[in-house]
Amino acid sequence: MASYAKGLEGVVAAHTSMSFIDGEKGILEYVGIPIGELASNSSFEETVFLLWNGRLPKHGELDEFSHKIRSRYAMSPALEARLMALPKKAEPMHVMRTLVSSLGLDDARPDVTDVPEVREKALTVLSLVPTILAGFHRYRQGKPLIKPDSNLPLAENFLYMLNGQRPTPTMAKAMDVCLILHADHGLNNSTFSARVVVSTMSDVYSALTAAIGSLRGPLHGGANEGVMVMLNAIPSVADVEKFIQAKLEHKDKIMGFGHRVYRAYDPRASHLKVLAKQLAHDTGNSALYEKSAKIEEIMLREKAAKGIYPNVDFYSATTYHCIGLPLDLFTPCFVLSRVGGWSGHILEQLSDNRLFRPSADYTGPHDVRYTPMNKR
Ligand code: CMC
């Protein structure tokens, strides 16, 4: 018997061996490894290898995998020309969606669904998205594009291409940790979107494009920008209480809080909180961190009993700001990371595919006679 679950809450719709979430206990593991351990010890490249292969790489394997990624950083002339033809005022998430979609045009065999070949295509997308994002940001500012440096890891190379200078080791590490923490998260909305698309045996570019479209929504990845907008709207720590109370009285959602799965502190948020505090101190943004901490204090007082805690987007906003990223690049940075998770899920779906095709509960009328136009 079919049952209805609004928003598919509680419905298990796929098998995955990538990430495990215990929402009651606040646990997130990638292939069994607690997320905090990966954030402390791993790199983004190693994390993607782990997600795609179900195990950590050996030394030579990581070098080979990283080398492959770095060798694909550069945009083709055709892609660069498409980027330079975009309106400078375009919102970066629209740019990401449009240009990732366009990568299918450069592929001689875009429709292949053979897993090893799709993996190669996904690796190319993973390598290119930082170049696309940094390139668009410089282009819209009227600055020359910076060629990627294939000696640098993905996170560091992204900041280098964005700013035209090498980031400090602290900033490069912070960016890398953000990418690790955002890489995968069960059957979240964008991942589900990617799996739904590829389950029709459509192509990897269409699946990733759909996922980007899903991620940009303010209830999903777009929340990190919403958090920053909120922080900017609060003049000082002293104004936080009044601001949050007014929002709660209006039944407004506070961005960066709540989660469909977690009823406890999101483990990614705990890690990002520590990172945000340190970076805020180092970059003279302590007031921003203090505002965030005050919002958390109020929300825990008011909403923890309902299971509403900070989620990944809450402290990632302060973290990205301290790294020096402009507000409208926050959600695209989520893309840079989640392409790893989406692609892993696309590979899992293709490995054991069944078309997603749920049912809808029809709530309209029956046996209605057709009314001619002149009688309506
Ligand atoms: N602020 C205030 N109240 C909240 C919040 C919030 N951020 N989140 C949930 N609630 C309340 C909500 O008003 C509702 O209350 P009531 O039962 O009195 O009507 C109750 O909690 C259940 O909320 P819901 O929206 O039905 O729950 P959901 O499981 O559909 O929502 C959510 C999950 C993430 C969409 C929601 O918590 C939300 O909108 N949060 C703000 C946006 C956000 O931070 N999104 C990022 C999610 S994590 C990263 C990612 O996945 O991209």
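Both counts, for ligands and for their atoms, begin at 1 and track the order of listing.
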#### Entry: Lys/Arg N to Asp/Glu carboxylate O, Glu117 vs Lys121, below 4.0 Å
yes
### Message
Hydrogens and angles aside, do Thr209 and Arg97 bring a side-chain donor and acceptor to less than 3.5 Å of each other?
### Response
no
### Query
Are a donor atom and an acceptor atom from the side chains of Glu296 and Tyr265 found within less than 3.5 Å of each other?
yes
### Task
Look at the rings of Phe334 and His182 and say which category their plane angle falls in: under 30° parallel, 30 to 60° tilted, over 60° perpendicular.
perpendicular
#### Entry: Salt-bridge criterion met for Glu45 and Arg70 (N-O under 4.0 Å)
no
### Side chain, backbone, both or neither: the part of Ile308 lying under 4.0 Å from ligand 1 by heavy atom
side chain
### Query
Asp252 to ligand 1: N or O pair under 3.5 Å?
no
### Task
May I ask you to decide whether Asp282 forms a salt bridge with Lys277, counting only side-chain N to carboxylate O separations under 4.0 Å?
no
### atom 5 (C) of ligand 1 - nearest protein heavy atom and its distance
Lys253 CD, 3.4 Å
#### Entry: Backbone or side-chain N or O of Arg268 under 3.5 Å from ligand 1 N or O
no
### Message
Side chain, backbone, both or neither: which applies to Asn188 and ligand 1 if a contact is any heavy-atom pair less than 4.0 Å apart?
### Response
neither
### Message
Strictly below 4.0 Å, N to O, side chains only: are Glu241 and Arg301 in salt-bridge contact?
### Response
yes
### Query
Purely on distance, is any nitrogen or oxygen of Val312 under 3.5 Å from one on ligand 1?
no
### Query
Quick one: is the NZ or CZ of Lys88 closer than 6.0 Å to the six-membered ring centre of Tyr139, and within 45° of its axis?
yes
### Query
Please state which protein non-hydrogen atom is closest to atom 50 (C) of ligand 1 and give its distance, to 0.1 Å?
His220 ND1, 3.2 Å
### Message
Below a 4.0 angstrom heavy-atom separation, can you tell me which part of Asp313, side chain or backbone, both or neither, approaches ligand 1?
### Response
side chain
### Task
Give a yes or no on whether atom 19 (O) of ligand 1 lies under 4.0 Å from any heavy atom of the protein.
no
### Message
Under 3.5 Å between any N/O of Ala223 and any N/O of ligand 1: does that happen in this structure?
### Response
no
### Query
What protein heavy atom is closest to atom 45 (N) of ligand 1, reported as residue, atom name and distance in Å?
Leu219 O, 3.0 Å
### Task
Give the ring-plane orientation class for Phe314 versus Phe257, where under 30° counts as parallel, over 60° as perpendicular and anything between as tilted.
tilted
### Message
Looking at ligand 1, is there an atom of it that comes within less than 4.0 Å of some heavy atom belonging to Ser190?
### Response
no
### Task
Could you check whether the rings of Trp52 and Phe65 sit parallel, tilted or perpendicular, using 30° and 60° as the cut-offs?
perpendicular
### Query
Hey, is atom 7 (N) of ligand 1 under 4.0 Å from any protein heavy atom?
yes
### Query
With a 4.0 Å cut-off, strictly under, does atom 22 (C) of ligand 1 pick up any protein heavy atom?
no
### Query
With only distance considered, is Phe257 within less than 3.5 Å of ligand 1 through an N or O on each side?
yes
### Query
In terms of residue, atom name and distance, what is the protein heavy atom nearest to atom 48 (S) of ligand 1?
His259 CD2, 3.4 Å
### Query
Considering only heavy atoms, which of Met255, Arg260, Lys251 lies nearest to atom 33 (C) of ligand 1?
Arg260
### Task
Ignoring hydrogens and angles, state whether a donor on the side chain of Arg268 or His271 is under 3.5 Å from an acceptor on the partner side chain.
no
### Task
Using distance alone, determine whether Lys303 and ligand 1 share an N or O pair under 3.5 Å.
no
### Close-contact set for ligand 1 against Gly256 heavy atoms, below 4.0 Å
43 (C), 44 (O)
### Side chain, backbone, both or neither: the part of Lys306 lying under 4.0 Å from ligand 1 by heavy atom
side chain
### Query
For atom 31 (O) of ligand 1, is some protein heavy-atom partner under 4.0 Å away?
no
### Task
Answer yes or no for atom 37 (O) of ligand 1: protein heavy atom present at a distance under 4.0 Å?
yes
### Query
Quick one: does Gly7 get a heavy atom under 4.0 Å from ligand 1?
no
### Task
Give a yes-or-no answer on whether the side chains of Asp184 and His345 include a donor-acceptor pair shorter than 3.5 Å.
yes
### Query
With the threshold set at 4.0 Å, does a side-chain nitrogen-carboxylate oxygen contact exist between Asp328 and Arg140?
yes
